[in-house]
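Here is the structure we will look at.
Just so you know, ligand 1 is whichever comes first in the structure, and atom 1 is the first atom listed for that ligand.
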Amino acid sequence: MKSSITQGVRILATGSAVPDWCISNKILSDLIDTSDEWIFTRTGIKERRIALGDTSLIQMASLAAMQALRQASISPVEIDLIILATSSPNDLFGSASQLQAEIGANKAVAFDITAACSGFVIAIVTATQFIQNGSYRNVLVVGADVLSKWIDWSDRRTCVLFGDGAGAILLQACSSIQNNILGFQLDTNGEKFDHLNIHYNGNKDKADFLSAKSNGNYGYITMNGKEVYKFAVSKVPDSIMKCLASLNLSIEEVNWLLLHQANKRILHAVADRLNIPKYKLISNLAKYGNTSAASIPLALDEAINEGKIKQGDLFVVSGFGAGLTWGTVILKWIC
Ligand code: COA
């Protein structure tokens, strides 16, 4: 989709945070019928971080946000807009306002985006529209999830995959010559929503309608792993090709492929389909598992801190997951 650009968007800084508590495959295999060998060969995951006790979504999101703000020497009161991509808010009405209060961003408008593992890409695209059309100057985008709270820890098909974390990116309006965010492609297929979801179990009993316990509840994450795998390896390469073509860019010009960190086999299959060599893949999945909306900013922040990224590098960033939703955003690294 094309947008009318009046100004560019610059990436000022990134940040990330994960809980301290680390659960290795070995620990999991002491608790349920699984093994390090099964998990690692099928997913590439070795361990994941889990938010326990005092560690909350808001705390992690705040830590990641403050890191980015400090790095850019921007005060929280200079932020105009906060977008929190999360599917595990600690308030069903949204958690972005708590993040706004926690970091003291008193002048910022704040809202959540719920789009599971595509959430961060959709949030970046949303932020970009507000900046490019001249509405806002400084926008903080945070991807944070605590899916550990929505996992059935006795279900070995899902519990080995997910972890908790948060990542942030700070965007600012700039001249169109310095623009970092070149284009995007977003897609949705709601007909397949039940391949990966957290279902709401509503009350079906009319007689209980007014009773305090009649409000229903949410279930655990359920997933058709094979269908989700097939969806990701077919739709994500298409999305990337469409996005590159809309910008007249070729695969050879791509320096980094940063995919939602779901599964090493998905990452490799997408790279293979696109003929992108594996050394261009950014991945920290072994350490954190699938952290949903946090996975892309977490991996981006780590890659930047490791000094991997050079001036002018072209990034292809794709998210995919529940909805089903998927999307690509193409970034040029100009600091
Ligand atoms: N440990 C050990 N065995 C396990 C297991 C685990 N954690 N989870 C499943 N198994 C078993 C199954 O019970 C099954 O046994 P059976 O043949 O005796 O019935 C066997 O392993 C194969 O299960 P299956 O579900 O067919 O595995 P798979 O090869 O499809 O791999 C996934 C499972 C989840 C790794 C794979 O489907 C996948 O990566 N899907 C994408 C998931 C994803 O990334 N989701 C998030 C997207 S945002």
[atom] protein-contacted, heavy-atom criterion under 4.0 angstrom:
atom                    : answer
atom 44 (O) of ligand 1 : yes
atom 16 (P) of ligand 1 : no
atom 10 (N) of ligand 1 : yes

Task: Proximal atoms of ligand 1 relative to I266 (non-hydrogen, under 4.0 Å) - done: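 Result: 44 (O).
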
Open item on the list: When you compare the side chains of S35 and N25, does any donor N or O come within less than 3.5 Å of an acceptor on the partner?
Closed with: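 Short answer, no.
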
- [ ] Return yes if a side-chain donor-acceptor contact under 3.5 Å exists between S87 and T114, otherwise no.
- [x]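 Checked: S87/T114 side chains show no N/O donor-acceptor pair below 3.5 Å.
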
Starting from [atom], locate the nearest protein heavy atom and write down its residue, its atom name and how far away it is, to 0.1 Å.
atom                    : result
atom 33 (C) of ligand 1 : W38 CH2, 3.8 Å
atom 31 (O) of ligand 1 : R42 CD, 3.4 Å
atom 41 (C) of ligand 1 : G225 O, 3.5 Å
atom 47 (C) of ligand 1 : V228 CG1, 3.6 Å
atom 24 (P) of ligand 1 : K226 NZ, 3.8 Å

Open item on the list: Ignoring hydrogens, what is the shortest heavy-atom contact between T41 and R265? Give both atom names and the distance.
Closed with: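 Closest approach of T41 to R265, heavy atoms only: O-CD, 4.0 Å.
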
Open item on the list: Considering R265, R157, R156 one by one, which has a heavy atom nearer to atom 12 (C) of ligand 1 than any of the others?
Closed with: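 Selected option, by shortest heavy-atom distance: R156.
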
- [ ] Have a look at T158, I39, N263, T41 and point out the one with the heavy atom closest to atom 39 (O) of ligand 1.
- [x]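 Ranked by closest heavy atom to atom 39 (O) of ligand 1, first place is N263.
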
- [ ] Identify whether I169 and V139 are in the same connected component of the hydrophobic contact network (ILVMFWY, side-chain heavy atoms under 4.5 Å).
- [x]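 Same cluster.
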
Open item on the list: Do the side chains of R48 and D164 get close enough for a salt bridge, i.e. N-O under 4.0 angstrom?
Closed with: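 Not counted as a salt bridge, because no side-chain N and carboxylate O are separated by less than 4.0 Å.
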
Open item on the list: So for atom OH, which belongs to Y220, do other residues, nucleotides or ligands contribute more than 12 heavy atoms lying within a distance under 6.0 Å?
Closed with: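 Result for OH/Y220: open.
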
Task: Residue portion contacting ligand 1 (non-hydrogen atoms closer than 4.0 Å) for V160 - done: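 It is the side chain that touches ligand 1; the backbone stays farther off.
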
Task: Part of N290 with heavy atoms under 4.0 Å of ligand 1, whether side chain, backbone, both or neither - done: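 It is the side chain that touches ligand 1; the backbone stays farther off.
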
Open item on the list: Donor-acceptor pair, distance only, cut-off 3.5 Å: does the side chain of D80 make one with the backbone of R137?
Closed with: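 It does hold such a pair.
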
TODO: Look at the rings of W150 and Y218 and say which category their plane angle falls in: under 30° parallel, 30 to 60° tilted, over 60° perpendicular.
DONE: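 It falls in the perpendicular class, over 60°.
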
